[in-house]
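As structure tokens, the structure follows; a few thoughts come after it.
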Amino acid sequence: MSAAPESAHLFAAVLARIRAAVAPFVTSEVELSRVVVESPRDPSHGDMATNAAMVLAKAAGRRPRELAEAIAETLRADPAIAKVDVAGPGFINLTLRPQVWGEALRAALEAGSDYGRSDIGKGEPVNVEYVSANPTGPMHVGHCRGAVFGDALANLLAFAGYKVTREYYINDAGAQVEILARSAYLRYREALGEEIGPIPEGLYPGAYLKPVGAALAAEYGHALAAMPETERLRIARETAVGMMMDAIRDDLAALNVHFDVFFSERSLTDGEDRVAAAIEALRRRGKVYEGRLPPPKSGAAEDWEDREQTLFRSTDFGDDVDRPLKKSDGSYTYFASDIAYHKSKVDRGFRHLIDVWGADHGGYVKRMQAAVQALSGGTARLDVKIVQLVRLLRGGEPVKMSKRAGEFVTLREVVDEVGRDAVRFDMLFRKNDAVLDFDLAKAIEASRDNPVFYVQYGHARGQSVFRQARAEFPDLPETPRERVRWLRGAPLERLTDPAELDLMRRIALYPRLVEGAAATHEPHRLAFYLYDLASEFHALWTRGKDLPHLRFIIQNDPETTRARLSLVQGVVQVLASGLALLGVSAPDEM
RNA sequence: GACCCCGUAGCUCAGCCGGAUAGAGCAUCAGCCUUCUAAGCUGAGGGUCGCAGGUUCGAAUCCUGCCGGGGUCGCCA
């Protein structure tokens, strides 16, 4: 960054300089990792500030302010830094030379759609498992948030240099799928003309199984009914699961969500018993034993039966009680299957595991993390992201859903009504672990109230400036890459208005923001950043109304115009990049 | 009974690995349209960061306890 930053990542470049400057005072890497560089809230504190002196003071055995002065002295020699101040308890405030912001913008433009990409993941494999909805019916609106969250997180991680596998766990074993099979078989009889009457209690009543029955009838005619029960239920089950998964895949595609791997629970026990193998592996590590559990503390425990059972020692890893691996009938618990499934992830070489779960599974986090820790000998880490409940509203009023009557709003209905972009952005415009109100009426509103519109409109507005500019400069190219070439050499030092500098700073922040969002597994940060960026752009745009000299296109001043267009291009580019990571389109006009 | 999440302006929410005087939108009030999309923008008022301790140069942020709201618990997936 002597004159021009070698890295497009301005913050990383400055941090590297600070680290170099503090190197003589550092005694351990731990301290160094606490040194951060940030942009201060108060502009009078300069462009960037670091806590280095305060963090290192104790270990260096010097007073913070004194240490700060010493570090400041080194930094003053830096050609990219115009001014260094020591303030408050020991902050080191840096004012960068003005052209640094222009250089950062230039670097952003040259990087194009790769701006913000990083290699903090170092190509390491990371497995992101999300949705994993039971294949017993269509996706409902509750699945949206996890789907969108997982997808955006996977995008972010890939952009941050991880090798991402997007995975869906199909619960195609167990009691629910047996019910599905029976329900499908009933629909098959119905398709053959039999009068089946009301669907019996305990079976799935949904009409969505009628096509499954019809398909079975079309393929097997009356032959299916003549088969032994286990055989015909197997066929009914496989057909039903297959058709449900096709429907789920279609629904997910409507949301622009796609997976690399669909992992079948049944496959764990189909050939060799991999659940048994997983339990055995844990037993070898001394984490499985036969024992008794205390009775449950709450609820109606009338069917509680004190017996010896196979238990996983999850309390060794901070869980409250040890967890059963087998039911009283000898079959595996869901947890046991899940252990085998996560063992598969570890065995496939993943050390970074991320599971996206609904809030109702919150109680399972500890035991699953315990299992992964035990399975991997502590080498793999499982981060479980809980997505909280979504409350579906229309104009502020809750949308009525009656589970008993089988009336639930499907994912497809919501996407069809408000569009994929609104669903995705709104679901991400909130921390994952806080409940979210999703208002169908607001989601399609074209106003500042509606964040997705506001951000997309920022992009469209930027593009419209270029359409307008083409009237003035007929040779202005359309594609981003050629546009950047056309803008090369523009006098960016003419961008001096506070609103322009704000935007340049915001653009320079993008790579750091992406890294942070990826590292903390928090896509919502990106959504908020884009909102802020769009807001600053709208503000600048409108200033041109009052102050014509601030307009992007200046009639007889092609060079200033090129500088301004460079800024607009930066905005457009970052908005497009960020929206793409969130899986939201960036329209050229609205 | 235990565990998880939440508690920040009247409302909805941000607050990055602890940083300097806690931010935005809505709502309220006062303004801005012969001009690149007013589908927008500018400004003002408004907060004991649930409460009480602790950790330290420094706490909305970390720890402990309480209060309030939501969720989960069992060989159900």
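Just so we're on the same page: letters track the sequence lines, and every chain starts at 1.
Stacking between A/H45 and B/A20 is present: the aromatic ring centre lies within less than 5.5 angstrom of the base six-membered ring centre, and the two planes differ by under 30 degrees.
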Walk along nucleotides 25-36 of chain B from 5' to 3' and tag each nucleotide B, S or - by protein heavy-atom contact under 4.0 Å, base first, then sugar-phosphate. SS-----S--BB

What is the per-nucleotide protein-contact pattern of nucleotides 55-62 of chain B, from the 5' end, where B denotes a base atom under 4.0 Å from a protein heavy atom, S denotes such proximity for sugar-phosphate atoms only, and - denotes neither? --B-----

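Checked against the 6.0 Å centroid threshold, A/H524 and A/F149 do not count as a close aromatic pair.
When the nearest nucleotides of RNA chain B are assigned to A/Q176 and A/R467 by heavy-atom distance, the more 5′-ward of the two goes with A/R467. Each of A/Q388 and A/E522 has a nearest nucleotide on RNA chain B; the 5'-most of these lies closest to A/Q388.
For the pairing with A/Q369, the side-chain contact (heavy atoms from CB on, under 4.5 Å) check across A/D319, A/L382, A/D355 returns one residue only, A/L382.
In terms of polar N and O atoms assigned as donor or acceptor, the side chain of A/S328 comes within less than 3.5 Å of the base of B/C75 in a complementary pairing.
Contact check, A/H524 against B/G15: a side-chain N or O comes under 4.0 Å of OP1 or OP2.
Among the nucleotides B/C41, B/C16, B/G19, the one closest to the side chain of A/A539 is B/C41. Closest contact between the side chain of A/Y457 and the listed nucleotides B/A39, B/C41, B/C4 involves B/A39. The side chain of A/E589 has B/U37 as its nearest neighbour among B/U37, B/A14, B/C6.
The stretch residues 315-323 of chain A comes close to RNA chain B through A/D320, A/R323, each having a heavy atom under 4.0 Å from the strand.
In this structure, A/R62 is not positioned above the aromatic face of A/F25 in the sense of NZ or CZ being under 6.0 Å from the six-membered ring centre and within 45° of the axis. At least one cation-pi condition fails for A/R461 and A/F537: the charged atom is not both under 6.0 angstrom from the six-membered ring centre and inside a 45 degree cone around its axis.
B/G46 and B/U8 have their C1' atoms separated by 14 Å, given to the nearest Å. Distance noted for atom C1' between B/G50 and B/C67: 7 Å (whole Å). Taking atom P in both B/C63 and B/C17, one finds a spacing of 13 Å when rounded to whole Å.
Judged as a side-chain contact (heavy atoms from CB on, under 4.5 Å), and not counting sequence neighbours, A/N556 has no contacts.
With a 3.5 Å limit on both pairing distances and Watson-Crick or G-U wobble geometry required, the stems of 3 or more pairs in RNA chain B span B:1-7 with B:67-73, B:10-13 with B:23-26, B:28-32 with B:40-44, B:50-54 with B:62-66.
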Can you name the atoms? Protein N/O to nucleotides 10-13 of chain B N/O, anything below 3.5 Å, with the distance.
unit_1: B/C13; atom_1: OP1; unit_2: A/R430; atom_2: NH2; d: 2.5
unit_1: B/C13; atom_1: O5'; unit_2: A/R430; atom_2: NH2; d: 3.0
unit_1: B/C13; atom_1: O3'; unit_2: A/R430; atom_2: NH1; d: 2.7

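Base orientation of B/C26: anti (glycosidic angle beyond 90° from 0).
To the nearest 0.5 Å, atoms OH (A/Y332) and CD (A/E265) are separated by 12.5 Å.
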Before you tell me yes or no, could you show the steps for A/Y529 and A/Y510 under ring pair (Phe, Tyr, Trp, His ring centres under 6.0 Å), namely the whole-Å CA-CA distance, both residues' side-chain angles and the distance that decides it to 0.1 Å? CA-CA 8 Å; A/Y529 167 88; A/Y510 182 64; 5.6 Å; yes

